[in-house]
Amino acid sequence: MTEDEARTWVLERFGPVATERVVAFVAMVVEEAAHQNLIAPSTIPTIWERHVVDSLQLVALAGPETHAMRWLDIGTGGGFPGMVVALVREGPVDLVEPRRRRADFLQLCVARLGLGDQVRVYPTKVESVTATARIISARAVASLENLLRGAAHCATTETRWLLPRGRLDEEEITALQKPWHFMFHVEQSVTNPESSIVVLDRVRSR
């Protein structure tokens, strides 16, 4: 997927207004990347494919019925996926980012992009967050077991977990079934055929 194809992908799915908001945010990320390591420098030339589309593919997996419901993103970092998700949907989005400089950057983006009524930045670990969300995402953050243990208090059995994992570790899924009960399926990433997204539903501890 070229950068032009990636921008077209976003435009076709979310429309011109949302796409322009994403364009503005991407410009902020590229500018700030000169001052702190928001994303890998090698991915800046392919930011639309590697970060924007890779993030926004999660919106469809969340399901249309959740469009106005709360979304919590763990380890948002430079804004992916949580910030770009907020730019294309209506519901509230909580961004959890314990690294202070990155959290400050996210808060600046919230102010500049007019997201103050929709997005809340938590400059802390998810264990300290009190919000309950219908969708929880975490892009390449920690092990599945640590994610569920750390964020279970932010979920209900109706919460859907969207967890991009890179190459699927089937042993990790098997091990997760010992302390947790859940339904799951795996989606292939649209940006990398070797990457997977683990989708968990009806999660509860055994």
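Here the structure is a predicted model, which means the values were calculated and not measured.
Side-chain contact between Phe14 and Val59: present, with at least one pair of heavy atoms (C-beta onward) separated by less than 4.5 Å. Annotation: side chain of Ile135 is not in contact with side chain of Thr159 (no heavy-atom distance under 4.5 Å). Under the 4.5 Å side-chain criterion, counting only non-hydrogen atoms from C-beta, Arg102 is in contact with Leu38.
Sorted by first and then second residue, the pairs that involve residues 54-78 and meet salt bridge (Lys or Arg N to Asp or Glu O under 4.0 Å), not counting sequence neighbours, are Asp54-Arg139, Arg70-Asp94. Contacts classified as ring-ring contact (aromatic ring centres under 6.0 Å, His included) and involving residues 31-54 (residues at least two apart or in different chains) are given here: His51-Phe80. The list of side-chain hydrogen bond (donor to acceptor under 3.5 Å, both in side chains) pairs with a residue in residues 197-206, not counting sequence neighbours, reads Arg160-Asp201.
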Can I get a per-line list of side-chain donor-acceptor pairs under 3.5 Å for residues 170-178, giving both atom names and the distance, sequence neighbours left out?
from: Glu172; atom 1: OE2; to: Leu144; atom 2: N; distance (Å): 2.8
from: Thr174; atom 1: OG1; to: Glu170; atom 2: O; distance (Å): 3.1

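Looking at every heavy atom in both residues, Ile136 comes nearest to Ala151 through CD1-O, 4.2 Å. Between Ala68 and Glu90, the closest heavy-atom pair is CB-OE1, 4.4 Å. The shortest non-hydrogen separation linking His153 to Val129 is NE2-O, 2.7 Å. Nearest heavy atom pair, residue Leu72 against residue Ala133, reads CB-CB, 3.6 Å. The minimum heavy-atom distance linking Val88 with Ala18 is given by the pair CG1-CB, 4.0 Å. Between Ile44 and Ala33, the shortest heavy-atom contact is CD1-CB, 3.9 Å.
With 3.5 Å as the limit, one finds a donor-acceptor pair spanning the side chains of Ser189 and Gln57.
From Phe182, atom CZ reaches atom CG of Leu200 across 6.0 Å, with rounding to the nearest 0.5 Å. Remark: Glu97 CD to Phe105 CZ distance equals 11.5 Å, nearest 0.5 Å.
The side-chain contact (heavy atoms from CB on, under 4.5 Å) test applied to Ser196 returns Arg165, Leu168, Val186, not counting sequence neighbours. With sequence neighbours left out, the salt bridge (Lys or Arg N to Asp or Glu O under 4.0 Å) criterion links Glu20 to no other residue.
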Inset, instruction - Please test Arg134 against Trp71 for side chain to side chain contact (heavy atoms under 4.5 Å, CB included), starting from the C-alpha separation and ending with a verdict. - result: CA-CA 6 Å; Arg134 182 62 172 77; Trp71 185 309; over 6 Å; no
Inset, instruction - Could you walk me through whether Trp9 and Asp4 pass the side chain to side chain contact (heavy atoms under 4.5 Å, CB included) test, one step at a time? - result: CA-CA 9 Å; Trp9 187 96; Asp4 285 342; over 6 Å; no
